[in-house]
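The model shown is predicted, which means the values in this text are computed figures rather than measured ones. Side chains included, hydrogens not; waters and symmetry mates left out as well; all remaining heavy atoms used. In what follows, every chain begins at residue 1, and chains take the letters A, B, ... in the order their sequences are listed.
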Amino acid sequence: MAPTQPPGGPEVSAQALTREPLPREFFDRPVEEVAPDLLGHVLVHGDVALRLTEVEAYAGMLDPASHAYRGLTPRTAVMFGPPGHAYVYFTYGMHFCVNLVCGEDGTASAVLLRAGGIVAGMGTARERRPNSTERDLARGPARLCTALGIGRDQNGSDVCSPDRPLKITAGEPADPSRIRSGPRTGVNGGKETPWRFWIDGDPTVSPYRAHVPRKRKPTA
DNA sequence: CACTAGATAATCT
DNA sequence: GATTATCTAGTGC
């Protein structure tokens with residue numbers, strides 16, 4: 001027999017690429033309900049598929065930690081649109097992160113996809129992150145985007161349409177008894193809201209890091 | 001393992 | 001000019 005296969009096995013991996021996307025109504029709910037429900041579902045981009053293990057909820061204009069808190073700007077325009085679309089942003093001069101827009105049209109809430117495990121297209125993912133172990137391929141929001149090849153071109157993409165390269169497909173939902181929540185990572189405002197959700201014990205969940213204000217460049 | 005600093009650019013003030 | 005929903009490489013234990 002072949003040695004160890006990834007969880008789910010190769011047949012499940014192939015299914016992940018062809019399965020129907022989640023219905024748009026899935027996203028047309030309060031963001032703190034959608035976020036934990038996404039755990040275990042599968043994000044597909046091209047021939048790579050990823051089972052979500054960690055996400056964070058951001059409640060739009062009501063949430064000091066959200067990019068949408070200060071209102072509509074060119075960058076945040078996608079979040080103010082209809083649910084079921086991808087909001088991709090560029091940060092720290094080198095990284096992309098991807099969110100899925102939630103709630104009613106105009107609420108500007110979204111779920112940040114923070115980590116997951118690759119269930120199809122392992123070869124492609126490894127090429128994109130050649131120095132990474134399998135466990136670390138998508139362990140963190142910027143690593144996730146690199147492993148799946150997500151960038152500016154995917155901003156605004158409809159993830160509920162079966163014919164687009166980037167889509168969110170139905171997987172095996174996480175066992176509710178294994179879902180944990182806690183404060184969001186790397187965020188300054190809104191610390192009291194425990195809106196980071198993850199699958200307890202899953203090795204692909206990223207380590208928690210509290211927000212640290214960056215030091216300024218030393219003046220020589 | 002814990003901790004630090006540096007990379008690098010869009011966005012906002 | 002300051003800040004940032006990050007990651008990696010480096011040091012030291």
Side-chain angles (χ1 to χ4, degrees), chain A residues 27 31-32 34-36 38-39 43 50 52-80 85-103 107-118 125-156 159 180-198 203-220:
Chain A
F27 295 99
V31 66
E32 68 272 28
V34 176
L38 274 170
L39 296 172
L43 184 70
L50 172 104
L52 292 170
T53 59
E54 180 188 350
V55 299
E56 279 175 7
Y58 287 86
M61 300 193 74
L62 308 173
D63 183 353
S66 170
H67 289 171
Y69 184 59
R70 288 180 169 81
L72 193 155
T73 67
R75 179 173 66 151
T76 61
V78 170
M79 279 202 284
F80 285 84
H85 291 248
Y87 163 53
V88 180
Y89 67 90
F90 185 67
T91 191
Y92 287 101
M94 59 190 98
H95 300 303
F96 291 100
C97 297
V98 62
N99 303 247
L100 302 181
V101 177
C102 293
T107 51
S109 61
V111 176
L112 171 67
L113 308 183
R114 288 197 54 90
I118 304 291
R126 295 203 76 128
E127 279 174 27
R128 289 175 175 147
R129 291 184 40 81
N131 295 330
S132 177
T133 62
E134 186 168 318
R135 171 198 211 211
D136 284 348
L137 279 173
R139 194 179 186 222
R143 293 166 169 183
L144 185 155
C145 281
T146 300
L148 293 205
I150 293 172
R152 250 182 264 285
D153 289 352
Q154 280 68 48
N155 189 38
V159 298
R180 299 286 179 275
S181 68
R184 293 173 292 187
T185 304
V187 172
N188 202 0
K191 281 195 187 67
E192 307 79 17
T193 317
W195 277 2
R196 172 178 178 245
F197 300 94
W198 68 93
T204 64
V205 172
S206 71
Y208 176 77
R209 289 196 193 94
H211 180 260
V212 261
R214 311 174 69 211
K215 273 184 199 156
R216 279 185 292 118
K217 201 162 60 167
T219 53

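Dashed line: the shortest gap from a side-chain N or O of A:Thr73 to OP1 or OP2 of B:dC12 is under 4.0 Å.
Atom P of nucleotide C:dT4 and atom CZ of A:Arg75 are separated by 11 Å, given to the nearest angstrom. One atom, CD of A:Glu54, and another, C1' of C:dA5, lie 11 Å apart when rounded to the nearest Å. Here the C1' atom of nucleotide C:dT4 and the OH atom of A:Tyr58 are 12 Å apart, to the nearest Å. Distance A:Arg152 CZ to B:dA9 P: 10 Å, rounded to the nearest Å. The OH-C1' distance, from A:Tyr69 to C:dT3, rounds to 17 Å in whole Å. Taking atom CG of residue A:Leu112 and atom C1' of nucleotide C:dT6, one finds them 11 Å apart after rounding to whole Å. The nearest whole Å value for the distance from the CG atom in A:Leu113 to the P atom in C:dT6 is 13 Å.
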Would you mind writing out the side-chain donor-acceptor pairs for residues 65-74 of chain A within the sub-3.5 Å range, not counting sequence neighbours?
unit_1, atom_1, unit_2, atom_2, d
A:Ser66, OG, A:Ala68, N, 3.0
A:His67, ND1, A:Tyr87, OH, 2.8
A:Thr73, OG1, A:Arg75, N, 3.4
A:Thr73, OG1, A:Thr76, N, 3.4
A:Thr73, OG1, A:Thr76, OG1, 3.2

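Where A:Tyr92 and A:His67 meet DNA chain B, the nucleotide closest to each residue was compared, and A:Tyr92 sits on the side nearer the 5' end.
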Review point. Can you give one letter per nucleotide of nucleotides 7-13 of chain C, 5' to 3': B if a protein heavy atom sits under 4.0 Å from the base, S if only from the sugar-phosphate, - if neither?
Key: SB-----
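Considering all non-hydrogen atoms of both residues, A:Asp136 and A:Ser132 come closest at C-OG, 3.2 Å.
A:Glu32 is not listed as a side-chain neighbour of A:Ser109, based on a closest heavy-atom distance of 4.5 Å or more. Residues A:Glu54 and A:Ser206 have side chains in contact (heavy-atom distance under 4.5 Å, counting atoms from C-beta outward).
Distance from the side chain of A:Asn99 is smallest to C:dA5 among B:dA9, B:dT11, C:dA5.
Exactly one residue among A:Ile150, A:Leu112, A:Leu144, A:Leu113 makes a side chain to side chain contact (heavy atoms under 4.5 Å, CB included) with A:Cys97. That residue is A:Leu112.
Consecutive pairing runs in DNA chain C reach the stem threshold at B:1-7 with C:6-12, B:9-12 with C:1-4, where a stem means at least three Watson-Crick or G-U wobble pairs with distances under 3.5 Å.
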